Trainee: 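Would you mind keeping the following structure in view while I ask a few things?
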Amino acid sequence: MNDMMAAFRADLKGFDEATRDFYTGNMSKQEYKGISGGFGSYSEKGGQKGMIRLRMTAGRVTKEKLAFVVETTERLNIDLIKLTTCETVQLHHLTGRQILDVAGKALDAGIVCRGGGGDHPRNVMAPPLSGVLPGESFDVIPYAEMTADYLLSLLYDIRMPRKLKVGFANHETNTAHVTMRDLGFVAEADGCFSVYIAGGMGPNPRMGLNVAEHVPGGELLYYVKAMVDTFLAHGNYEQRAKARTRYMQEALGEEGLRQAYNQALEAAKAAGGLDRQVEKRPVTKQGEGSISGKRIIAQKQAGLFAVSYHPLGGTPSRQTLRALLDTIQPMEQVEVRLGADGTMYVINCTAAEAEKVLAVTEDGARTRFEHSVACIGASVCQQGVRDSQALYHACVKAAREANLPDGALPVIHISGCPSSCGTHQVGTLGFHGGVKLVDKKPHPAFTLHVNGSARMGEERFGESWGVIFEERIPEFLVALGRKVADTGLSFEEWLPAHEAELRALAAEYLV
């Protein structure tokens with residue numbers, strides 16, 4: 001790992017030169033994107049400022065990494081922090097000089113930006129409560145970290161057609177959506193893993209193809225290498241729009257893809273050298289006290305608790321993060337975990353410690369609906385079509401003004417474009433941004449998706465029901481929430497027997 005970090009640091013010279021050229025007007029946007037993406041950085045809408053993405057492997061944010069984020073945002077007066085659906089932290093509205101400052105200093109804190117964008121393996125994901133959640137198979141974070149280190153070691157040896165997203169699951173909730181990722185590992189009760197390949201959200205989504213079961217954890221890297229090699233051999237280098245792994249299911253057929261993957265796996269095993277033993281890190285802290293509440297999760301370790309905190313829109317303020325850091329600094333074995341929905345979890349707290357964490361994170365979501373997911377949106381993102389953050393906040397405002405009871409509306413997922421950075425395709429209700437032509441004039445609109453799910457064994461992409469003008473979506477959701485509230489049921493309880501009513505209501509808003 002030390003050699004890798006040295007290589008990443010040496011790479012910064014080229015990134016430095018390109019960034020200076022772009023922000024002084026001496027390099028085109030497209031040329032810069034081809035370089036900066038490999039360093040987890042992209043220019044924002046308008047090209048005057050940019051962002052940088054900090055990898056947080058398996059969603060783990062140690063106190064040291066949290067301190068880096070807090071101190072950096074304070075030092076550079078950064079006003080927008082985004083928790084992403086790939087369990088990373090994005091810092092926004094940066095000058096070129098600030099981007100270079102963060103990229104260099106992040107390495108000192110053990111945080112890697114390299115490969116955070118572009119055609120590279122992305123942040124490896126894991127359940128945020130892995131190791132502490134009752135009912136989980138086993139802690140998968142050591143395996144996720146092993147996989148991340150291996151994939152980072154390949155950055156200089158491969159040129160993939162597009163990015164590769166990898167995740168782990170150990171519970172039926174499937175929070176990292178691993179059965180619909182490029183490569184997913186599902187922990188089994190026997191201590192082994194099932195393997196899924198070539199899934200993905202976005203245009204032409206595909207569920208992952210189950211290619212192996214009962215794989216010992218020590219052999220996982222052979223399955224990772226087999227996926228990489230299959231992608232290198234059969235990925236589409238000619239048509240970028242069809243270059244993600246899910247299109248291999250289309251190009252080769254399911255059985256053809258299985259055969260290609262198994263051949264790559266056999267070759268990897270024959271070459272050897274990738275057997276690993278992970279070091280397990282059980283929680284040794286002694287629990288104490290008792291506490292309950294909406295944001296409290298009792299861990300499987302008696303007397304220890306996790307506290308959830310969902311900053312509105314997945315955009316925590318640096319002031320709250322500072323208060324959180326100062327609060328947890330003296331707490332033994334306490335760390336922060338990031339979920340794929342923009343929720344932060346502070347784990348390994350005693351009851352008294354959990355009370356303190358609750359007190360400094362009161363500015364987050366109050367209801368289940370306010371836990372909704374939204375990508376950064378078109379006001380920032382170069383690729384974005386609609387401002388998903390603005391829609392999220394408009395919907396929260398409307399629901400609060402209508403005084404809807406908690407549970408009357410579900411978590412919704414909002415993407416600013418079809419790319420599904422807001423994971424709209426797995427939401428019970430999802431929206432992706434676009435336009436609707438009226439009298440040949442474009443009007444801001446979102447496509448409504450209904451009844452998606454990432455839950456293990458129930459995975460499905462939501463069905464597209466049509467387009468709603470952006471300005472009418474808060475009104476639609478309030479009308480829906482009132483309809484559900486009148487029955488005294490939660491939305492999840494209401495929907496199975498009332499889908500026809502939802503269709504009828506949606507029809508009043510669809511255009």
Side-chain angles (χ1 to χ4, degrees), residues 5-56 65 68-84 86 88-120 122-123 152 155-156 159 162-163 240 313-318 321 375-390 416-417 419 421:
M5 296 296 268
F8 296 156
R9 195 177 298 280
D11 277 353
L12 291 176
K13 181 180 179 181
F15 181 44
D16 185 302
E17 293 172 354
T19 299
R20 292 177 189 278
D21 283 348
F22 174 74
Y23 286 102
T24 54
N26 295 314
M27 181 179 285
S28 71
K29 179 177 71 175
Q30 201 59 32
E31 185 180 358
Y32 181 62
K33 180 180 179 182
I35 298 170
S36 69
F39 292 86
S41 180
Y42 293 100
S43 64
E44 297 177 341
K45 191 79 82 179
Q48 300 304 304
K49 295 288 183 72
M51 53 73 70
I52 192 162
R53 183 176 296 145
L54 308 177
R55 286 178 180 264
M56 297 292 173
K65 291 181 178 181
F68 173 80
V69 173
V70 170
E71 291 162 7
T72 299
T73 56
E74 291 176 342
R75 179 171 57 84
L76 300 180
N77 197 29
I78 294 171
D79 62 357
L80 181 58
I81 306 161
K82 182 70 173 78
L83 309 180
T84 76
C86 283
T88 67
V89 177
Q90 290 179 180
L91 306 181
H92 285 275
H93 301 340
L94 308 182
T95 65
R97 187 177 297 275
Q98 288 174 329
I99 289 169
L100 296 172
D101 177 284
V102 174
K105 289 184 169 63
L107 288 172
D108 296 333
I111 297 173
V112 175
C113 301
R114 192 73 171 93
D119 303 334
H120 298 287
R122 299 297 181 83
N123 191 58
L152 283 171
L155 284 182
Y156 299 103
R159 186 179 76 84
R162 288 287 297 276
K163 58 192 169 187
R240 190 163 181 81
T315 58
S317 72
R318 65 173 186 261
L321 293 186
C375 68
I376 197 62
S379 67
V380 175
C381 178
Q382 291 273 14
Q383 303 299 117
V385 181
R386 297 266 69 83
D387 190 345
S388 44
Q389 285 287 313
C417 71
S419 294
C421 291

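Just so you know, these numbers come straight off a predicted model, no measurement behind them.
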Trainee: Taking Gln98 for its side chain and Thr95 for its backbone only, find out whether a donor-acceptor pair lies under 3.5 Å.
Mentor: yes

Trainee: Which pair of non-hydrogen atoms, one from Arg318 and one from Asn77, has the smallest distance, and what is that distance?
Mentor: NH2-OD1, 2.6 Å

Trainee: Indicate yes or no for a side-chain donor-acceptor contact from Ser419 to the backbone of Cys421 under 3.5 Å, with no hydrogens or angles considered.
Mentor: no

Trainee: Passes side-chain contact (heavy atoms from CB on, under 4.5 Å), Thr72 versus Lys105? Steps please.
Mentor: CA-CA 9 Å; Thr72 299; Lys105 289 184 169 63; 5.8 Å; no

Trainee: Answer yes or no: are there more than 12 heavy-atom neighbours, outside Glu74 itself, under 6.0 Å from its atom CD?
Mentor: yes

Trainee: Examine distances only and state if a side-chain atom of Thr24 and a backbone atom of Asp21 form a donor-acceptor pair shorter than 3.5 Å.
Mentor: yes

Trainee: I'd like to know if the side chain of Arg53 and the backbone of Val89 have a donor-acceptor N/O pair within less than 3.5 Å.
Mentor: no

Trainee: Where do Ile99 and Phe39 land on the side-chain contact (heavy atoms from CB on, under 4.5 Å) test, with the steps shown first?
Mentor: CA-CA 10 Å; Ile99 289 169; Phe39 292 86; over 6 Å; no

Trainee: Please confirm whether the backbone N or O of Asp387 pairs with a side-chain atom of Ser379, one donor and one acceptor, at under 3.5 Å?
Mentor: no

Trainee: Under 4.5 Å between any side-chain heavy atoms of Tyr156 and Asp11, yes or no?
Mentor: yes

Trainee: Determine whether more than 12 heavy atoms belonging to other residues, nucleotides or ligands lie under 6.0 Å from atom NZ of Lys45.
Mentor: yes

Trainee: Return yes if some donor-acceptor pair links the side-chain N/O of Ser36 with the main-chain N/O of Ser41 below 3.5 Å, else return no.
Mentor: yes

Trainee: Quick one: pull up CD in Gln48 and CG in Leu94 and give me the separation to the nearest 0.5 Å.
Mentor: 14.0 Å

Trainee: Going by the side-chain hydrogen bond (donor to acceptor under 3.5 Å, both in side chains) test, name the single residue among His93, Gln382, Lys49 that passes it with Glu44.
Mentor: His93

Trainee: Distance check, rounded to the nearest 0.5 Å: Gln389 atom CD versus Cys375 atom SG?
Mentor: 7.5 Å

Trainee: Can you tell whether the side chains of Asp108 and Arg9 come within less than 4.0 Å, N to carboxylate O?
Mentor: yes

Trainee: Specify the closest pair of heavy atoms between Ser388 and Gly377, including all atoms of both residues, with the distance to one decimal.
Mentor: OG-CA, 3.3 Å

Trainee: Verify side-chain contact (heavy atoms from CB on, under 4.5 Å) between Lys29 and Phe22, making sure each step is shown before the conclusion.
Mentor: CA-CA 7 Å; Lys29 179 177 71 175; Phe22 174 74; 4.1 Å; yes

Trainee: Could you tell me whether a side-chain N or O of Thr73 sits under 3.5 Å from a main-chain N or O of Val70, the two making a donor and an acceptor?
Mentor: yes

Trainee: Any donor-acceptor pair under 3.5 Å linking the side chain of Arg55 with the backbone of Arg122?
Mentor: yes

Trainee: Look only at the side chain of Gln90 and the backbone of Leu83, and say whether a donor-acceptor pair between them is shorter than 3.5 Å.
Mentor: no

Trainee: Any heavy-atom pair between the side chains of Ile35 and Met27 that's under 4.5 Å?
Mentor: yes

Trainee: Could you tell me whether the side chain of Ile81 reaches within less than 4.5 Å of the side chain of Thr315, counting heavy atoms only?
Mentor: no

Trainee: Please verify the inter-ring angle class for Tyr32 with Tyr23; under 30° counts as parallel, over 60° as perpendicular, anything in between as tilted.
Mentor: perpendicular

Trainee: Work out which heavy atom in His120 is nearest to a heavy atom in Leu155; give both atom names and the distance.
Mentor: ND1-CD2, 3.4 Å

Trainee: Could you check Leu12 against Leu100 for side-chain contact (heavy atoms from CB on, under 4.5 Å), going step by step and ending with a plain yes or no?
Mentor: CA-CA 8 Å; Leu12 291 176; Leu100 296 172; over 6 Å; no

Trainee: Say you draw a straight line from NE2 of His92 to CD1 of Ile52; how long is it, rounded to the nearest 0.5 Å?
Mentor: 11.0 Å

Trainee: If we only count heavy atoms from C-beta on, is the Leu80 to Ile376 side-chain gap below 4.5 Å?
Mentor: yes

Trainee: Please report the interatomic distance CG(Leu91) to CD1(Ile78), rounded to the nearest 0.5 Å.
Mentor: 4.5 Å

Trainee: Between Asp101 and Arg75, is the closest basic N to carboxylate O distance under 4.0 Å?
Mentor: yes

Trainee: Assess the residue pair Asp119 and Arg240 against the criterion (salt bridge (Lys or Arg N to Asp or Glu O under 4.0 Å)); give the C-alpha distance rounded to whole Å, side-chain angles, the decisive distance to 0.1 Å, and a yes or no.
Mentor: CA-CA 11 Å; Asp119 303 334; Arg240 190 163 181 81; 2.8 Å; yes

